[in-house]
2 protein chains.
Amino acid sequence: MEEKKNPKHCGACLTKLPIFKSLSEEQFDLVNQIRCRVKFRPGEVIFKQGTAMTHIIVVNEGLVKIYLEGINNRNLLLRFARPVTIIGGPGFFTDFRNHVTTMAVEETSACFIDINTLSELIKVNKDFSADLLKWVNTHTINNYRKLIELTQKGMHGRIAGALLYLSEEVFNERNGDIPIKRQDLADLTAMSKESAIRILKEFKDEHIITVEGNTIIINNKQKLAQISTTG
Amino acid sequence: MEEKKNPKHCGACLTKLPIFKSLSEEQFDLVNQIRCRVKFRPGEVIFKQGTAMTHIIVVNEGLVKIYLEGINNRNLLLRFARPVTIIGGPGFFTDFRNHVTTMAVEETSACFIDINTLSELIKVNKDFSADLLKWVNTHTINNYRKLIELTQKGMHGRIAGALLYLSEEVFNERNGDIPIKRQDLADLTAMSKESAIRILKEFKDEHIITVEGNTIIINNKQKLAQISTTG
DNA sequence: AAAAATCGTTGATAAATATCAATTAATTAT
DNA sequence: ATAATTAATTGATATTTATCAACGATTTTT
């Protein structure tokens, strides 16, 4: 975990975040001043569930996963996040704790912005808090979808949906191949690792996907979409 | 569905809502002006998932349930709400649609407040939007809990947890007896109605609960709490 | 009050899913 | 490179949970 202070101006980064667009130049400079950029290696925890929420981050480079630490050392993977994304959490304005764990999956660099500064901005800038509200509500909609996905679909449908999500939203810059750990896929679909592997094998036998070591290649996206909704 | 306009001043009602405490007298009066009180009979839908979100409500009397309409006519019951509670939804500031269905369980009366008025208040009143953010984040924390509860606990633990929730947070003004439909209990715990009934029977045989027709009486809260966490 | 509809219950069975154990492949550290 | 560790895979089996069907009880409607 290597720490650098403001290696470059963060304008390029923040302008990509709709949520920061409503900041005035002055407010924006403030964020630029106080931010602190840190690098993480794969597997390193950025925020740990249960700890005090002192900062939010903006992911600049790499890939992180966000998950709930549940019962009996089982995790529930909520989502992955690519640059440029702001990672906050529901502890904001409530108990100021981290309710999820955030971990670097690839080599990742992120800017830390402290909660107090953020709170100031919200108090001063109405548009900003409206944007934040919108952002939080978007997540709630996703959580609702996830609740239905995980409680009302069988394993085939869940794996199919997960593969589509990974290919379209996480690894979309690759040629449709998905490098994912089996345990992560299992955590994403709330099943055992062995079950996830078995479904993958079925898909492989039906030529819907090709598996080459760690990476999964989607051959028949249509079919996956159909399995995701039907089965 | 019977409609009355401002049968009485809503001060008593709104002061009970922390979220409305930050309103100025003027803003508060505005809400009082535009609000519209409506009565619902058990089983009547107040908001239907998928429709445009034109209002929020404040539940004054009765009991409502809030659920997701999922796959194959299966519902996922998110929570019940008692007076005095504000019922909004994640459509606010996003797509302005209802993402959940809200239904009266007992005879219920609720005040409708239109979205535009609410939006105005948010733009004018910073504290109000901060409160709203806090409120939404609280719900997100609950959704996370629910995700773990439903995906990582067995049926016994889920039913135990649901009974505790119902007794402590929904029917807490009764002497510990819970009048609930079996289907609602099943929807709350994401299992089939038959399975829910079977778990209830097991609890009954172990004298943890007593079942008298529609109502469930908790005899051993400790044991339920233990089952909820352990099993 | 009778009929119709809904709700609760139970048993038998099938389907879905997890667990355990063993083995092989891949990755990381020495 | 070689050893040590971690990850992927597979089979056998047990557990969990749903489905289907039947029936009795309750509530609602006519």
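Just so it is clear: chains get the letters A, B, ... in the order the sequence lines come, proteins before strands, and each one is counted from 1. What's counted below: heavy atoms across the whole structure, side chains too, no hydrogens, waters or symmetry copies. The model shown is predicted, which means the values in this text are computed figures rather than measured ones.
Here dT17(C) presents its P atom at 14 Å from CE of Met155(B), a figure rounded to the nearest Å. If you measure from atom NZ of Lys153(A) to atom P of dT17(D), you get 21 Å, rounded to the nearest angstrom. Remark: C1' of dG8(C) and CD of Glu202(B) are 17 Å apart, rounded to the nearest angstrom. Atom pair Glu194(A):CD and dT10(D):P shows a separation of 12 Å (rounding to whole Å applied). In this structure, Gln152(A) places its CD atom 15 Å from C1' of dT17(D), rounding to the nearest Å. The distance between atom CG of Asn72(A) and atom P of dT19(C), rounded to the nearest whole Å, is 9 Å. If you measure from atom CD of Gln183(A) to atom C1' of dA7(D), you get 10 Å, rounded to the nearest angstrom. When rounded to the nearest whole Å, the span between CD1 of Ile199(B) and P of dT17(D) equals 7 Å.
In the set dA18(D), dT19(C), dC7(C), the nucleotide with an atom closest to the side chain of Ser192(B) is dA18(D). Listed nucleotides: dT10(C), dT9(D), dC7(C). Nearest to the side chain of Val211(A): dT9(D). In this structure, the nucleotide among dT17(C), dA8(D), dT9(C) sitting nearest to the side chain of Ile197(A) is dA8(D).
In terms of phosphate contacts, Arg182(A) brings a side-chain nitrogen or oxygen within less than 4.0 Å of OP1 or OP2 of dT9(D). Side-chain N/O atoms of Asn214(A) include none lying less than 4.0 angstrom from OP1 or OP2 on dA26(C).
Lys221(A) has a carboxylate O that lies under 4.0 Å from a charged side-chain N of Glu168(A), or vice versa, which qualifies the two as a salt bridge. Remark: Arg82(B) does not engage Glu61(B) in a salt bridge, criterion side-chain N to carboxylate O under 4.0 Å.
Listed here is the closest heavy atom pair of Arg35(A) and Cys111(A): NE-SG, 3.3 Å.
Counting only distance, with no hydrogens or angles, the side chain of Thr101(A) and the backbone of Gln49(A) share a donor-acceptor pair below 3.5 Å.
Side-chain contact between Leu118(A) and Phe92(A): present, with at least one pair of heavy atoms (C-beta onward) separated by less than 4.5 Å.
Between the side chain of Arg198(B) and the base of dG8(C) there is no donor-acceptor pair of N/O atoms closer than 3.5 Å.
Across all strands shown, Lys193(B) has heavy atoms under 4.0 Å from base atoms, whether or not it also approaches the sugar-phosphate.
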